Protein chains: 2
Amino acid sequence: MKTIEQLLESKQIRVTAMRLLIYKFLAEKKVAVTLSDIENAFEKADRTTLYRTIKTFEEKVIVHQIDDGTGITKYALCEQGCNCDIKTDLHLHFHCNNCNETICLTDHKIPQIKVPDGFVSENVNLVVKGICDKCSS
Amino acid sequence: MKTIEQLLESKQIRVTAMRLLIYKFLAEKKVAVTLSDIENAFEKADRTTLYRTIKTFEEKVIVHQIDDGTGITKYALCEQGCNCDIKTDLHLHFHCNNCNETICLTDHKIPQIKVPDGFVSENVNLVVKGICDKCSS
DNA sequence: TTAACAAATGCACTTCCATTGCACTTACTA
DNA sequence: TAGTAAGTGCAATGGAAGTGCATTTGTTAA
Ligand SMILES: [Mn+2]
Ligand SMILES: [Mn+2]
Ligand SMILES: [Zn+2]
Ligand SMILES: [Zn+2]
């Protein structure tokens with residue numbers, strides 16, 4: 001079990017106080033978060049720092065971006081050793097129309113999708129919308 | 001074969017010059033369009049009118065909205081007698097990473113997606129990204 | 001045919017999220 | 001410990017989406 005420090009260093013990311021805090025925040029959350037969510041959690045920090053931290057995490061494949069159709073991009077931690085950058089490891093996302101939360105269904109891989117002749121598939125985004133387990137019970 | 005006027009009237013939409021023009025514009029396009037695309041095509045018309053026309057078309061299920069992950073919502077005409085409002089008739093969309101165009105693959109229906117126990121699926125958005133037929137040849 | 005009403009259009013303005021330039025501070029490295 | 005590269009904060013910008021209100025256009029019924 002790596003520490004967060006070790007994880008960041010292994011990805012050539014400098015360890016800073018802010019980055020550790022943001023990482024921990026993401027790790028505690030079970031759901032995908034928006035930039036505003038992070039902003040609200042760290043009111044003393046500047047929005048730009050949070051923004052660029054997330055962008056750094058994204059580049060280094062520590063978080064992945066989720067477009068759940070709400071118009072606001074969300075982010076969630078990648079799994080250990082995930083390869084979401086190179087198209088393997090495409091799991092689906094679920095967006096709850098009731099509580100508005102979006103979660104990764106990491107063990108629900110996206111099925112192979114057939115496209116017409118001449119088309120080349122490089123990536124797939126699959127979002128299921130409905131009612132989540134917490135809201136349906 | 002209905003005229004456009006008849007189609008609009010059958011959906012309780014008043015026929016206006018602007019609406020006819022916008023409908024024709026959408027019909028000629030083979031790809032999904034953004035509001036800006038429409039705006040550029042009709043420079044004398046006001047953005048708001050175009051915006052509200054599209055919204056009206058959407059409500060009356062003449063066009064459907066497409067979220068292709070670019071962050072800009074696109075629109076495309078519905079098929080004759082489509083039921084994209086009531087979840088049957090969910091086709092997939094293809095977004096070309098090269099020419100940035102998005103098209104409806106209307107005869108590629110979205111497969112049944114399994115979700116975990118407790119989750120209820122109401123709707124699915126499936127976007128395949130890659131290289132389109134025009135760009136790959 | 002026209003008066004009255006409802007819907008459509010145009011203009012101005014607002015909000016929200018994403019993104020950037022630049023100055024300043026902090027952290028690594030020689 | 002000085003020098004340099006990266007991180008952070010502040011201010012500003014841009015784009016897309018959405019709204020309030022006045023004006024124009026279209027429909028309907030007297
Ligand atoms: Mn995910
Ligand atoms: Mn479509
Ligand atoms: Zn929920
Ligand atoms: Zn293309």
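Note that this is a predicted model, so its numbers are computed, not measured. For the numbers below, each heavy atom of this structure counts, side chains included, while hydrogens, waters and symmetry mates do not. Each chain gets a letter, A, B and so on, in the order the sequences are listed, and its residues count up from 1.
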Checking A/Phe119 against B/Ile103 for the side chain to side chain contact (heavy atoms under 4.5 Å, CB included) test, could you report, in this order, the C-alpha distance in whole Å, the side-chain angles of both residues, the deciding distance, and whether it holds?
CA-CA 11 Å; A/Phe119 288 79; B/Ile103 66 168; 3.5 Å; yes

Quick one: do A/Asp37 and A/Thr34 satisfy side chain to side chain donor-acceptor pair (under 3.5 Å)? Show the steps, please.
CA-CA 5 Å; A/Asp37 291 335; A/Thr34 66; 3.2 Å; yes

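The two residues B/Leu7 and B/Tyr23 have their closest heavy-atom pair at CD2-OH, 3.2 Å. For the pair A/Asn125 and A/Asp67, the tightest heavy-atom approach, listed with the atom from each and the gap, is ND2-O, 3.6 Å.
In summary, the aromatic rings of B/Phe57 and B/Tyr75 are positioned with their centroids too far apart to meet the 6.0 Å limit. Here the two rings, on A/His93 and A/His108, have centers that are 6.0 Å apart or farther.
Here the range on DNA chain C touched by chain B, meaning any atom under 4.0 Å from one of its heavy atoms, is C/dA7 to C/dA12.
Rounded to an integer number of Å, the gap from CG of B/Leu8 to P of D/dT27 is 12 Å.
A salt bridge links A/Glu39 with A/Arg47: the closest approach of a Lys/Arg side-chain nitrogen to an acidic carboxylate oxygen falls below 4.0 angstrom. At a threshold of 4.0 Å, the pair B/Glu101-B/Lys134 counts as salt-bridged, since one of the basic side-chain nitrogens sits closer than that to a carboxylate oxygen.
Within residues 14-27 of chain A, no residue has any heavy atom under 4.0 Å from DNA chain C.
In the model, A/His95 has a side-chain atom that pairs as donor or acceptor with a side-chain atom of A/Asn100 under 3.5 Å.
A donor-acceptor contact under 3.5 Å is formed by the side chain of A/Arg52 with the base of D/dG9.
None of A/Thr53, A/Ile22, A/Leu77 except one satisfies the side chain to side chain contact (heavy atoms under 4.5 Å, CB included) rule with A/Ile62; the exception is A/Leu77.
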Please produce a list of atom pairs where a protein N or O lies less than 3.5 Å from an N or O of nucleotides 12-17 of chain D.
{"residue": "D/dA17", "atom": "OP1", "partner": "B/Thr73", "partner atom": "N", "Å": "3.4"}
{"residue": "D/dA17", "atom": "OP1", "partner": "B/Thr73", "partner atom": "OG1", "Å": "2.6"}
{"residue": "D/dA17", "atom": "N7", "partner": "B/Arg47", "partner atom": "NH2", "Å": "3.2"}

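Here B/Lys55 lies in heavy-atom contact (under 4.0 Å) with sugar-phosphate atoms only.
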